[in-house]
Amino acid sequence: MKSRDEKNRESISTKLKSRGLFLYRNRGQNFLTDRSMLNKIADAAGIGPEDRVVEIGAGIGSLTEVLAERAGVVVAVEADKGLYRFLCESVRHLPNVEPLFADGLKLDYREFLHRWGHPYRIVANLPFNISTPILFHLIRQRDAFHSLHLTFQREVAHRIIAGPSTRDYSVLSVMVQVYMDPRIVLNIPGACFFPRPKVSAALVRLGVRSEPAVPVSNEERFQAVVRAAFSQRRKTLLNALRGAPGLALSPAQAEAACSTAQINPRRRGETLDLADFSRLTEAVDSVLHG
């Protein structure tokens, strides 16, 4: 006998095919359909009737319906025209859901802050293939919301929370942790998705910090320094900094910046913690404008 979730997947597949729609893994179109897992995500996000929620990549509307049962308002964002039409049909019986045809990578999330007058929540099963660019886009607009609950491929989730001198530590780790407090709250098996992906996933909670974890006076410069440090993991910090895009440091300037920051120029970027990157950015600014 087929389970409820199996019947639900078959029903979704039939409805999509009847409209000439197909889901593609290479576009990150893997949607959560397991009702138990959807409820766990809503529980983890702590959604209540007073909450305003934006869902990115709403797709077939499975998570949308669960969020709508708990939240005051849900704005369900979808960029695929066919899926958007399907979404509108799926949620038309839900008066507190507002489907929005928009690209989550280009959306101005501050518009919702202006509309509602206070920070809101974002809960989303992100398309796997663009989850990292979307996260960087959200970091830049972090004043609009107070928390994120987002699904990522598990390997990406581990990069987000990784610490210095580990294999997963990266630009993503540093840029997220400076502005947000991330933690993995749920592991999600591939069987919970339709179509089933080749990888497992995780739900990550990202609480927006009221202030950066370390002093950051120049965000653009900070990111340039971090990207340079990780540009080639086997390079020493000195070699990574000199001539790096957005910095254009001479060898002498790169060495002077490391000296000012009291960081051994022969260290590799992956060994630096957030405080190291903060001091190094200030030192680079001093060298460039000194």
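What you are looking at is a predicted structure, and each value in this text was computed from that prediction instead of being measured. In what follows, every heavy atom counts, from backbone to side chain, and hydrogens, waters and symmetry copies are set aside.
For the pair F222 and V174, the minimum side-chain heavy-atom distance is below 4.5 Å. Inter-residue side-chain proximity for T64 and S90 is flagged as unmet; no heavy-atom pair is nearer than 4.5 Å. Counting only heavy atoms from C-beta outward, the side chains of F145 and Y120 approach each other to under 4.5 Å. The side-chain heavy atoms of E78 and L100, taken from C-beta on, include no pair separated by under 4.5 Å. Looking at heavy atoms from C-beta onward, N30 lies in side-chain contact with P197 at the 4.5 angstrom threshold. Residues L135 and I160 have side chains in contact (heavy-atom distance under 4.5 Å, counting atoms from C-beta outward). A 4.5 Å side-chain heavy-atom check between K40 and S36 finds at least one atom pair inside the cut-off. Contact annotation: the side chain of S62 never approaches that of L32 to less than 4.5 Å [non-hydrogen atoms, C-beta and beyond].
Scanning both residues, A229 and A240, for their nearest heavy atoms gives CA-CB, 4.3 Å. Of all the heavy atoms in F112 and L107, the pair that sits closest is CE1-CD2, 3.8 Å. Nearest approach of A283 to A257, heavy atoms of both residues: CB-O, 3.2 Å. Closest approach of L237 and C258 over heavy atoms only: CD2-SG, 4.0 Å. The two residues A228 and L247 make their nearest non-hydrogen contact at CB-CD1, 4.0 Å. Counting all heavy atoms, side chain and backbone alike, V204 lies closest to P182 at CG1-CB, 4.3 Å.
Following chains of ILVMFWY side-chain contacts shorter than 4.5 Å, one cannot reach Y84 starting from V74, and the two form parts of different hydrophobic clusters. A continuous path of hydrophobic side-chain contacts links I263 to L249 [ILVMFWY only; heavy atoms under 4.5 Å]. Hydrophobic clustering (side-chain heavy atoms under 4.5 Å, transitive across Ile, Leu, Val, Met, Phe, Trp, Tyr) groups L138 together with F136. Put simply, V208 and W116 are part of the same group of oily side chains (I, L, V, M, F, W, Y) that touch within less than 4.5 Å, one to the next. Following chains of ILVMFWY side-chain contacts shorter than 4.5 Å, one can reach V171 starting from L150, so the two form part of one hydrophobic cluster.
Between the N96 side chain and the A68 main chain, a donor and an acceptor come within less than 3.5 Å of each other. A donor-acceptor pair is defined here as one N or O able to donate and one able to accept, closer than 3.5 Å; no such pair exists between the side chain of H137 and the backbone of P133. A donor-acceptor pair under 3.5 Å is absent between the side-chain atoms of D51 and the main chain of V53, judged by distance alone. No donor-acceptor distance shorter than 3.5 angstrom exists from the side chain of R227 to the backbone of S231, with no hydrogens or angles considered. A donor-acceptor contact shorter than 3.5 Å links the side chain of R279 to the backbone of A261. Formation of a donor-acceptor pair under 3.5 Å by the T166 side chain with backbone atoms of A162 is not found in this model. Panel note: side chain S278, backbone P215; a donor-acceptor pair is recorded below 3.5 Å. Listed for the R268 side chain is a donor-acceptor partner under 3.5 Å among the backbone atoms of R234.
The residues R159 and D168 are annotated as not salt-bridged, no charged nitrogen and carboxylate oxygen being separated by less than 4.0 angstrom. A salt bridge links R35 with E69; the closest basic N to acidic carboxylate O contact falls under 4.0 Å. In summary, D181 and R205 do not engage in a salt bridge, as defined by a charged side-chain N under 4.0 Å from a carboxylate O.
The line from NE2 of H149 to CD of E55 is 14.0 Å long, rounded to the nearest 0.5 Å. Taking OG from S217 and CD from E282, the interatomic distance works out to 3.5 Å, rounded to the nearest 0.5 Å. In this structure, CG on N125 lies 3.5 Å from OG1 on T151, to the nearest 0.5 angstrom. Of the inter-residue distances, the one linking M37 atom CE with N187 atom CG reads 8.5 Å to the nearest 0.5 angstrom. Here the CZ atom belonging to F230 is positioned 8.0 Å from the CG atom belonging to L272, to the nearest 0.5 angstrom. Here H118 contributes atom NE2 and H146 contributes atom NE2; the two are 8.0 Å apart, rounded to the nearest 0.5 Å.
Note that R142 lies in the cation-pi zone of Y179, set by a 6.0 Å cut-off to the ring centre and a 45° limit from the axis. Seen from the ring of Y109, R115 does not count as a face-on cation partner, given the 6.0 Å and 45° thresholds.
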Test side chain to side chain contact (heavy atoms under 4.5 Å, CB included) on I188 and R154; report intermediate values, then the result. CA-CA 8 Å; I188 308 175; R154 193 172 296 178; 5.9 Å; no
Please walk me through it: do V185 and R183 pass side chain to side chain contact (heavy atoms under 4.5 Å, CB included)? CA-CA 6 Å; V185 293; R183 58 189 176 90; 3.4 Å; yes
May I have the step-by-step check of side chain to side chain contact (heavy atoms under 4.5 Å, CB included) for V216 and T281, ending in yes or no? CA-CA 8 Å; V216 179; T281 301; over 6 Å; no
If you apply the rule side chain to side chain contact (heavy atoms under 4.5 Å, CB included), what do you find for L94 with V91, and how did you get there? CA-CA 5 Å; L94 299 170; V91 301; 4.1 Å; yes
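Using modelled atom types, one finds no donor on one side chain facing an acceptor on the other under 3.5 Å when comparing Q153 with S131. If you check the side chains of R70 and N39, you find a donor sitting under 3.5 Å from an acceptor.
When ring centroids are compared, F128 and F193 come within the 6.0 Å threshold.
In the displayed structure, E220 atom CD is contacted under 6.0 Å by at most 12 heavy atoms of other residues, nucleotides or ligands. Other residues, nucleotides and ligands place more than 12 heavy atoms under 6.0 Å from the CZ atom of R209.
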